[in-house]
Amino acid sequence: VLADGTIIDNLSTLRKDNTGFHLNHLFIGSEGALGIITAVSIVTPKKPKSTMVAVLACENFDKVQKAFVEAKSDLGEIISAIEYFDRPSME
């Protein structure tokens, strides 16, 4: 809602829009000076049907990086997250 009461309906579930200025970001950055946001549209991904967890022990960080590169090239999009714990954090 603009300061003069004009309502702008810019709700869209479009993931990316490169057609010019992004009005939503301008409104968010203006902290209420341009108008007030009264509604939002959120697109959430579907919950995966299954999840897989693997725990690997590596001697050093170089081997962790090598394992990551190999896993990413072999498994691709199946991997959704990777975490690294060094020895001090495990103790």
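Residues take their numbers from the sequence shown, with the count starting at 1.
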Should L75 and I82 be counted in the same cluster of Ile, Leu, Val, Met, Phe, Trp and Tyr side chains packed under 4.5 Å apart?
yes
List for me each residue that meets salt bridge (charged side-chain N to carboxylate O under 4.0 Å, His left out) alongside K63, sequence neighbours excluded, and say none if there are none.
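For K63 the salt bridge (charged side-chain N to carboxylate O under 4.0 Å, His left out) partners, ignoring immediate neighbours, are E59.
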So do V69 and K72 actually touch side chain to side chain, heavy atoms under 4.5 Å?
no
Crowding at CD, E91 (>12 non-hydrogen neighbours, <6.0 Å)
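More than 12 within 6.0 Å, yes.
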